Amino acid sequence: MGKHGLYAQSPLRSIEGLVVDTTGVGMKGVSVRLTSTLDTMSSETDENGFYQFGNIKGNMINVSYSMIGYDILNRSHLFNRYSSQLYLKRVSMIPRANLIPEVNIVKVVPVVSRGDTTQFNLRAFSIPERALLEDALKYLPGFQVLRDGTTYYNGVLISSAQVDGRKFFGGDLLTATKNLPAEIVKRIEVIDDYGDVSHEKGIKNTEPEKIINIVLEDNKKKITFGQGTLGVGSSDRYLGSIGVNKFNDGQEFSVVASVNNTNTSLFTFGSPNGAGGRSSGLGDLGDFSDQSDGLNKLSSIGFSFTDSLGKYVSISGGYSYQSKQNITKGNSSLTSSYQGFRIQRMEDFERKLNDNFHKLQLEINSKFKNQDLLKIIPKLTYNRFYNYNLKSTNATNYKIRERGTYQDTSINSNPTAEFSVLYSKYFKKQGRKLVADARMNYQSLNKDEDIKEDYVRFDSTGFSPVINLFEQSQLVDSRNNTSSMKGSVSYVEPFFNHSLLEILYDVDITNIEARRAVRNPIGHDGGWVDSLSVDYAYQYKSYKTGLNYQYEPNDKFRINMGFSVQPLSISGRVKGDTAQYDYSNVNLVPSTNVRYKFSDNFDIKLDYLGKNIQPNFLHITPVRDNSNSRNIIVGNPSLKAEFYNRISSSVRKFVPNKGQFFESNLAYTFINNKIVSVKKSTSNETVQETTFENTDGYYDVKWNYYFNTPFVNDNFQMDITGNIDYYNNLSFINEVKSKTKQLLYNQNLVLKYNWNDYFESIFNTNYFLNRATYELPIKNKIAAHSFLVSVGGKGYIGQGFMMGAEMSQKFYKGYVAEVSDVNPTIINAYMEYGFLKNKMAMVRLQCFDLLDQNKNVGVMTEYIGNDVFESRNNRLGRYLMLSLNLRLQSYPNKK
């Protein structure tokens with residue numbers, strides 16, 4: 001009895017360890033046995049070679065390691081009296097001498113971190129047959145892929161893609177992930193890209209973007225492959241796509257095309273959410289509804305190429321075209337609060353859009369015999385779209401009530417031309433650089449509008465009601481042209497040990513011409529309205545001279561410190577007017593960037609960034625725009641440029657043997673001369689007038705984190721993400737400065753389970769809070785909540801047959817009931833069968849939105865100044881789709 005009592009009081013202990021082969025790679029499946037006078041335990045190492053034991057009672061323990069084909073190892077260890085946890089030395093398994101020499105066992109390290117690059121070896125992950133790269137990314141730790149193809153890594157948006165270090169379709173991410181089969185990909189590299197200029201200078205003091213580099217298998221670098229899909233469905237749904245790709249050791253040619261009315265975008269055109277949808281974020285992960293508003297018809301075609309011209313020159317480029325037809329119907333609520341009264345506007349609306357977008361791009365890279373680098377990138381885009389808006393409005397303000405319609409039809413054309421040149425001079429002295437960068441841009445926005453309004457006004461402020469009629473028709477011709485020239489020259493000189501000093505000169509000249517002509521239609525005298533027309537010229541000039549210092553004694557520590565003097569001037573002039581609007585200032589711009597790596601897998605960063613932000617067309621055009629008679633806008637040509645200040649920090653921790661990753665970021669931003677809205681109205685009107693002013697006091701604080709880890713065992717993965725954004729927004733309400741304090745809180749949990757190659761599932765839950773506190777007209781709080789829970793799974797049955805289903809349930813609370821009185825349940829299901837040789841053909845039957853509730857999902861809310869805006873738009877409804885996909889690939893004949 002005494003012995004048992006003594007043992008019950010003994011502290012429980014744990015051990016952890018790692019088993020590797022002779023090359024240092026973690027070994028999976030090694031049998032580990034622990035014994036002592038009080039313990040007998042067995043376990044196996046996971047895919048990284050990691051093992052652990054808990055609840056150990058004995059002090060002296062023996063651990064044995066065994067695996068077929070390897071010598072058995074035994075190790076003894078002793079816990080000291082003060083320790084409850086023991087980290088054992090790494091154990092290397094030795095192959096037995098009698099193994100057949102020709103048998104090679106190859107282990108692949110799943111994840112390797114190398115500075116600014118994290119590498120994922122796809123052969124280390126169980127990825128289904130026939131998976132495209134978009135699906136394969138979902139199996140890699142840290143990646144999140146939304147329904148529309150938007151891709152994040154550890155909570156950060158992936159902005160572009162390369163194949164073997166060269167841009168694929170101009171870096172368009174969707175084109176790469178939706179067309180490249182996973183089976184030809186050797187590894188995925190996630191890169192912190194600081195840009196070409198920073199790369200050439202060797203000074204990393206800019207904010208990096210996340211990009212991915214897709215490295216092809218060594219035996220797949222010469223391959224021709226393609227796929228075609230054809231589908232028909234209920235509710236007149238259809239889809240078709242075709243793609244042909246040829247890779248030949250650095251040469252590449254690809255053609256892709258698609259047509260559908262299922263909101264599937266082929267290109268992103270540089271937009272993270274693709275064409276046809278509103279911006280997507282991690283809060284949409286696990287939401288199986290369609291994020292695109294309205295009903296869309298999309299047609300796309302494009303080609304890209306990469307080749308070498310001789311030994312020193314490479315060239316790449318391509319062309320893409322997309323046509324989008326959209327019809328969106330919905331309703332909205334806009335509440336504008338003032339001291340003593342409130343204007344509320346309820347609208348039913350219909351929007352029609354016919355959008356055509358062309359993009360042509362070329363990139364020429366030359367590395368001369370003397371190692372000098374020249375990069376030339378011309379790019380042309382042309383966007384022409386037709387837009388139609390029809391609104392039925394019911395507006396109230398105390399005893400004033402208006403009912404009417406607003407119709408706006410416009411034809412818009414937006415050509416742009418960009419030309420950039422980068423030149424880097426090579427010197428024999430390592431680290432010495434002379435880098436010149438020039439960027440020229442021209443864009444034009446031409447807009448022809450036909451606007452009609454009619455309202456019936458009921459005025460009950462007097463003893464007897466008064467009814468008035470209001471009608472207005474305008475033909476508006478707008479021509480806005482912007483041309484800019486930006487250039488920089490940097491000389492970088494190494495001095496002392498591990499130090500670089502940069503001397504830079506930067507120039508930025510932007511010219512804006514804003515012309516607006518308004519006339520009454522024929523039948524309404526057809527004359528020009530001079531008071532609403534304007535011809536305004538604006539010029540922004542900035543000349544910046546600065547020094548940057550970088551000290552990097554080793555791969556663990558790096559610091560950048562910079563200081564610039566930036567004189568800038570803004571001038572504006574109205575044609576035919578003697579008034580001249582001028583503003584000049586000298587900004588002193590410090591910058592700091594510090595990074596420290598405690599180890600290869602643990603680092604922290606601290607940054608400060610300052611920059612100028614110019615006002616835009618809407619802000620500066622000095623004309624009274626009453627094309628929407630209930631929301632009049634008057635520009636302010638005296639506006640100054642904003643000065644943006646951002647202080648940020650981040651911490652990252654990666655535990656390779658446990659497969660865990662943690663990252664957290666905190667940023668504080670304050671803006672001097674913030675451009676804010678100035679709104680005016682009276683208690684007996686539904687008309688509001690908005691202009692703009694500069695003011696100080698704006699700031700925001702943003703914090704986010706991401707945590708990924710195996711859960712229970714290697715078959716479970718858990719992702720936890722969250723963010724808190726706090727905004728101290730400013731505005732003027734009837735000339736009184738007001739603050740709107742807004743809090744956005746988002747929390748997301750994802751659990752993934754994969755059981756061998758037979759079954760996989762995912763569970764997701766998300767909570768989102770949008771809360772705002774107003775100072776004017778009275779202190780008021782508004783809070784809108786949404787909660788999402790979803791589950792999905794698919795199983796593989798026999799050879800080539802797969803079934804899957806997914807369900808998401810979303811709840812809304814705190815929104816305007818008439819707009820968002822909906823808690824949608826989305827259920828999707830599908831079946832696939834692969835057949836023919838190598839499963840080259842696949843037939844798929846899918847049902848989207850079984851309960852037909854997606855069409856009521858498009859709820860959004862915005863708090864701006866004294867406005868609370870909420871809307872709900874129609875979306876794609878239930879349909880069945882039967883599709884056939886065929887994939888072919890061939891390799892060149894071996895000589």
Side-chain angles (χ1 to χ4, degrees), residues 21 23-26 28 47 100-112 114 117-140 143 161-169 171 173 175-191 211-228 242-256 303-308 311 314-316 757 799-800 834-842 885-895:
D21 60 17
T23 66
V25 176
K28 180 181 179 181
E47 62 182 5
I100 301 173
E102 287 77 16
V103 176
N104 294 316
I105 299 175
V106 179
K107 287 273 188 184
V108 179
V109 182
V111 185
V112 178
R114 292 193 177 101
T117 301
T118 304
Q119 175 182 302
F120 296 85
N121 297 303
L122 262 63
R123 284 183 293 173
F125 299 92
S126 298
I127 296 172
E129 281 186 282
R130 301 187 89 259
L132 292 173
L133 184 57
E134 180 181 67
D135 297 318
L137 291 177
K138 299 175 184 179
Y139 290 83
L140 306 184
F143 278 89
Q162 300 175 350
V163 175
D164 284 338
R166 298 184 176 186
K167 289 182 179 179
F168 181 72
F169 259 94
L173 179 69
T175 314
T177 59
K178 289 181 177 293
N179 284 278
L180 297 180
E183 65 186 58
I184 73 170
V185 179
K186 182 178 182 180
R187 64 178 180 265
I188 297 294
E189 296 175 343
V190 182
I191 302 170
I211 67 172
I212 61 171
N213 181 38
I214 303 160
V215 181
L216 302 180
E217 290 278 8
D218 294 337
N219 61 346
K220 302 292 194 306
K221 293 184 184 295
K222 291 186 177 183
I223 181 176
T224 300
F225 63 94
Q227 65 86 26
I242 188 170
V244 179
N245 306 267
K246 183 176 182 179
F247 294 106
N248 185 15
D249 265 341
Q251 289 182 324
E252 173 262 323
F253 183 78
S254 300
V255 178
V256 294
F303 72 89
S304 74
F305 68 93
T306 299
D307 203 351
S308 296
K311 186 177 180 180
S314 65
I315 183 171
S316 63
D757 296 328
Q799 291 294 319
F835 58 100
L836 300 183
K837 184 180 179 180
N838 297 323
K839 303 294 187 297
M840 60 181 288
M842 182 189 73
N885 175 262
L886 187 66
R887 295 186 192 171
L888 298 171
Q889 63 185 35
S890 66
Y891 302 92
N893 294 327
K894 295 182 179 180
K895 295 182 180 179

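Just so it is clear, the structure is predicted and the values come from calculations on it, not from any experiment. The analysis underlying the following values was restricted to heavy atoms, covering all of them including side chains, and did not include hydrogens, waters or symmetry mates.
Residue Asp135 holds its CG atom at 8.5 Å from NZ of Lys178, rounded to the nearest 0.5 Å. From Thr224, atom OG1 reaches atom CG of Asn248 across 8.0 Å, with rounding to the nearest 0.5 Å. In this structure, the separation between CG on Leu888 and CD on Gln227 is 10.0 Å, given to the nearest 0.5 Å. Rounded to the nearest 0.5 angstrom, Lys221 NZ and Asp249 CG are separated by 7.5 Å.
Partners of Glu217 under the side-chain hydrogen bond (donor to acceptor under 3.5 Å, both in side chains) rule, at least two apart in sequence or in another chain, do not exist in this structure. Remark: Ser254 engages Asn245, Glu252 in a side-chain hydrogen bond (donor to acceptor under 3.5 Å, both in side chains) (not counting sequence neighbours). Evaluation of the ring pair (Phe, Tyr, Trp, His ring centres under 6.0 Å) rule for Phe225 yields Phe247 as partners, not counting sequence neighbours. In this structure Lys839 satisfies the salt bridge (Lys or Arg N to Asp or Glu O under 4.0 Å) test with no other residue, sequence neighbours excluded. Under the salt bridge (Lys or Arg N to Asp or Glu O under 4.0 Å) criterion, Arg187 pairs with Glu189, not counting sequence neighbours. Scanning for side-chain hydrogen bond (donor to acceptor under 3.5 Å, both in side chains) contacts around Gln162 gives an empty result, with sequence neighbours left out.
Considering all non-hydrogen atoms of both residues, Ile127 and Ala131 come closest at CG2-CB, 3.8 Å. Minimum heavy-atom separation, Ile212 to Phe143: CG2-CE2, 4.5 Å. What you find for Lys220 and Leu216 is that their closest heavy atoms are O-CD1, 4.0 Å. Taking every heavy atom of both residues into account, Gly165 and Asn213 meet most closely at N-OD1, 2.7 Å.
In this structure, the side chains of Thr117 and Val190 stay at 4.5 Å or more apart for every pair of heavy atoms. Looking at Tyr139 and Leu122, their side chains never come closer than 4.5 Å, going by heavy atoms from C-beta outward. Residues Asp164 and Val215 have side chains in contact (heavy-atom distance under 4.5 Å, counting atoms from C-beta outward). The closest side-chain heavy-atom distance from Arg166 to Ser314 is below 4.5 Å. Side-chain contact between Arg887 and Leu132: present, with at least one pair of heavy atoms (C-beta onward) separated by less than 4.5 Å. With contacts defined as side-chain heavy-atom distances shorter than 4.5 Å, the pair Val163/Thr306 does not qualify. Side-chain contact between Val244 and Lys246: absent, with no pair of heavy atoms (C-beta onward) separated by less than 4.5 Å. Residues Leu137 and Phe120 form no side-chain contact, since every pair of their non-hydrogen atoms from C-beta on lies 4.5 Å or further apart.
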Stepwise side chain to side chain contact (heavy atoms under 4.5 Å, CB included) check, Phe169 with Asn179: CA-CA 11 Å; Phe169 259 94; Asn179 284 278; over 6 Å; no
